[in-house]
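In the text below, chain A, chain B and the rest are named by the order of the sequence lines, each starting its count at 1.
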Amino acid sequence: MSEQVEDTPIDRGGYDFNAMQAKWRPVWEKLDPFKAKDDGSAERRYALTMFSYPSGDLHMGHAEVFALHDVLSRYWFQQGYDVLNPIGWDSFGLPAENAAIKRNEHPATYTYANIETQAESIRRYAMSFDWSKRLHTSDPEYYRWTQWLFTRFYERGLAYRKASFVNWCPNDQTVLANEQVVQGRCERCGFEVTKRELTQWYFKTTEYAQRLLDDMDQLQWPEEILLQQRNWIGRSEGAFAEFQVEGRDEPIRVFTTRPDTLFGATFLVVAPDAKLAADLVTPDQQGAFDEYLRAVKATTEIERLSTDRDKTGVFLGSYAVNPVTGQRIPIWAADYVLADYGTGAIMAVPGQDSRDWEFAEKFHLPIIRTVQPEEGFDGKAFTGDGPAINSSNAELNLDGLEVAEAKSRTIDWLEDKGLGERTINFRLRDWLLSRQRFWGAPIPIIHCPACGEVPVPDDQLPVELPDLRGSDLSPKGVSPLAAARDWVEVACPKCGGAAERDTDTMDTFVDSSWYFLRYLSPEYTDGPFDPGMAERWMSVYQYVGGKEHAVLHLLYARFFTKALHDMGLLKVTEPFTRLLNQGQVINEGKSMSKSLGNGVNLGDQLDEFGVDAVRLTMVFAGPPADDIDWADMSPGGALKFLQRAWRLAGAVESPVGTDPATGDVALRRVTHRTVADATDLLDSMRFNVVIAKVMELVNATRKAIDSGPGAADPAVREAVETTAILLSLVAPYTAEEMWEELGHEPTVAKAGWPVVDPALLVEDTVTCVVQIAGKVKDRLEVAPDITDAELEQLALASEAVVRALDGRGTRKVIVRAPKLVNIVPA
RNA sequence: GCCCGGGUGGCGGAACGGCAGACGCAGCGAGCUUAAACCUCGCAGCCGAAAGGCGUACGGGUUCGAAUCCCGUCCCGGGCACCA
């Protein structure tokens with residue numbers, strides 16, 4: 001498509017976006033208008049966009065999120081807020097490491113080269129960032145504080161190490177957090193995830209589960225994201241219940257949401273990979289169990305998760321006793337029970353649970369219904385509500401009770417007997433944060449044979465990465481750091497004896513869980529951030545970014561903020577008050593990818609249409625949250641509009657400073673109405689409609705010049721100056737050029753938001769619609785202050801109404817002066 | 001399977017329960033031009049010559065009045081998915 005341009009150069013009528021871009025960039029860089037003042041002269045607003053991962057140059061997705069983010073930031077600048085709008089890079093991570101292996105160099109080389117490329121592109125894209133706040137998470141000055149925070153978490157027991165079966169990506173050769181496993185595949189590379197038993201570092205996110213739920217009502221976030229987080233946290237109310245095991249002192253504890261069905265518990269199931277299973281297996285079942293466990297470990301997550309998969313399991317040889325029936329019930333191991341949810345053991349109630357039913361059917365275990373299914377129910381397990389049946393013993397009688405009542409009676413009984421209690425369980429797991437890769441912040445822990453885990457003292461931070469490159473970094477299943485012996489071997493900070501550094505690095509999501517705090521004071525050396533700055537600027541007023549981070553970054557950042565609050569480091573408990581999720585930029589109905597070959601190169605688009613036209617296209621495409629199919633867009637149309645707007649500036653004939661008061665009232669009304677509408681629309685983030693309104697203003701101004709009061713009318717200057725200011729949010733180069741043409745000094749970015757004269761929002765006449773039975777029959781031009789009675793009379797006298805009524809009387813007349821009359825004929 | 005979104009012209013999308021289709025793209029016509037491009041102006045949901053009728057996925061309902069609210073159905077997109 002770019003060939004056309006080369007063949008027949010389009011006459012831009014003097015509008016030359018390349019020249020504008022070259023002309024204004026240095027001027028703006030000198031003026032540096034977007035630095036946060038922090039002097040108390042204006043209300044503060046922290047505008048944040050998700051920082052970039054430096055994997056290459058900017059792409060179409062960046063172009064969209066930046067365009068939307070910049071509209072808001074520039075809008076607030078124009079309104080006079082003291083805006084903090086920082087930019088930085090999430091510069092640790094695997095791609096740099098993989099590139100370094102391939103090119104036999106240090107990951108930093110690739111990383112910082114890409115950062116420079118992106119920084120240059122961002123400047124060209126005319127983003128209103130405060131560059132003095134710039135940071136990179138891979139700088140030692142940054143990760144020093146990531147490590148400092150880790151040790152604070154460690155001291156409070158919020159960071160700990162444990163062995164368990166963890167998600168392992170065989171391709172990236174590292175463990176993954178739960179949140180990074182999507183449909184059984186590695187979120188990053190798409191490889192099938194397997195399980196490995198490893199000792200890993202965790203953050204205790206579960207300790208904050210309830211507060212993460214509760215504080216959601218402070219957040220003005222898309223409901224969709226809140227819902228996803230709610231589901232992810234997965235609160236469920238129920239009870240623990242204890243089952244005595246034959247020949248064992250310790251009972252088995254299970255978690256159930258249906259304590260009312262206890263009478264129907266005909267067997268127990270434990271997770272095969274839980275320690276409990278190994279404890280319970282009897283010698284004669286040992287062989288069968290070992291074989292089963294081996295098979296379970298060999299299954300990939302994908303297989304395990306497939307719903308239509310047959311239930312598998314093995315009898316452990318032991319028996320427990322149902323506490324209400326006294327029945328002897330067998331204990332099985334099966335992989336439909338998860339080791340790390342609840343207690344890793346369940347009471348199976350096949351009558352009321354479809355998974356248990358399936359299992360019972362397959363292995364010929366008894367099924368007892370304890371809830372009366374509704375009339376005509378022909379299914380298997382009945383999971384609905386209904387009266388309890390088969391549920392009584394000498395002490396407890398549930399028969400006839402509805403589920404809710406039966407639940408609470410059972411729990412009361414269990415608590416009474418010391419056999420269990422009411423509880424709440426969460427689906428959320430602790431956050432696995434250690435990674436066996438190089439390009440990340442080293443975990444600041446020293447393992448000492450005498451003292452155990454010893455956090456690196458604050459004055460020895462940062463623990464800098466050793467200089468490894470090329471094949472030193474290739475994945476070996478253990479961290480590459482382990483091979484750097486002179487780095488690993490250190491003196492224990494406590495006893496001075498020989499000790500070793502922890503060789504894992506932190507998940508890059510740790511870096512991004514607090515970067516918005518470091519932005520406040522990136523040079524600060526007395527702590528991770530300046531507490532005064534945090535008090536003045538937090539929480540982030542508006543966060544803009546993609547919804548792919550719904551349960552990853554956004555949940556982790558919330559967790560960090562709460563933990564920091566509890567440590568007394570932060571006043572606020574939530575990081576981001578408002579959230580805007582932009583859609584994706586796709587092409588021809590599919591997301592852009594190399595394999596599909598449907599990628600659109602941002603650089604090409606910018607070369608062909610210019611920065612302003614691309615930004616305008618992104619903003620005008622539709623509601624910010626919707627995906628943009630680039631194939632449906634017309635950056636050429638956006639460019640045409642910008643030229644049309646720009647030409648207005650050259651047409652204005654009145655001198656700068658002309659008082660608009662004597663100008664053409666009709667055009668002035670359009671101008672002021674446009675500003676009023678745009679203000680409301682921007683406040684509700686309906687940017688595409690704002691653009692439509694500006695287009696209408698441009699059209700009205702053109703008409704005023706050509707066939708109205710003419711180019712010398714003061715209202716024309718007012719309209720064009722307003723256009724320039726409104727356009728400065730989305731097309732800064734064009735707007736600046738117009739502003740200069742109009743006789744002003746740069747920069748239009750801080751010209752100030754136009755003031756609306758309320759008197760000009762009142763129209764002379766209003767179009768009143770006259771309907772008969774809801775169908776429009778006539779339109780009347782009436783005074784805006786017409787009374788209901790007058791209007792009704794006028795409407796009934798209308799020729800069209802008389803014709804349509806055709807002699808029928810009126811049954812009812814609804815009058816909504818001055819806009820509408822609806823006549824209901826008899 | 002469960003839970004969310006969403007279905008409006010050829011296309012992207014507008015529309016406090018009150019003129020459906022603003023604004024734009026593509027299209028058509030006119031002016032300017034030797035011609036074209038650019039630019040400016042105009043037309044444009046569908047059927048119909050017109051009057052008029054029909055139209056916001058489909059079927060019902062509430063209402064003086066429904067794209068908008070309620071119920072049911074279908075389709076598309078997304079999230080979760082053995083969480084006891």
Side-chain contact test, heavy atoms from C-beta onward, threshold under 4.5 Å: evaluate it for L648(A) versus V698(A) and give yes or no.
->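 Answer yes - side chains close enough.
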Which part of the nucleic acid, if any, lies within contact of [X], taking any heavy atom under 4.0 Å across all strands shown: a base, the sugar-phosphate backbone alone, or nothing?
X: N822(A); value: base
X: S354(A); value: nothing
X: N699(A); value: sugar-phosphate
X: K703(A); value: sugar-phosphate
X: L227(A); value: sugar-phosphate
X: F620(A); value: base

Can you tell me if the side-chain N/O atoms of K640(A) get under 4.0 Å from OP1 or OP2 in rC25(B)?
->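 Checking K640(A) against rC25(B): at least one side-chain N or O falls below 4.0 Å of OP1 or OP2.
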base_contact_polar (rC82(B) base, K311(A) side chain, donor-acceptor, <3.5 Å) |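 Check passes, donor-acceptor contact within cut-off.
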So what's [N] paired with, Watson-Crick or G-U wobble, going by both distances under 3.5 Å?
N: rC43(B); value: rG27(B)
N: rC2(B); value: rG79(B)
N: rA57(B); value: rU73(B)

Considering only side-chain heavy atoms of V689(A), which listed nucleotide, rA14(B), rC41(B), rC23(B), is closest?
->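 Out of rA14(B), rC41(B), rC23(B), the nucleotide with an atom closest to V689(A)'s side chain is rA14(B).
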Take T257(A) and R803(A), find for each the nucleotide of RNA chain B with the closest heavy atom, and name the residue whose nucleotide sits nearer the 5' end.
->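 It is R803(A), whose closest nucleotide lies nearer the 5' terminus.
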Donor-acceptor contact present, side-chain N322(A) to main-chain L262(A), <3.5 Å |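 Yes; judged by distance alone, with no hydrogens or angles, the pair exists.
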Take the protein atom CD of Q771(A) and the nucleotide atom P of rG17(B), then report the distance between them rounded to whole Å.
->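 After rounding, the gap between these two atoms is 16 Å.
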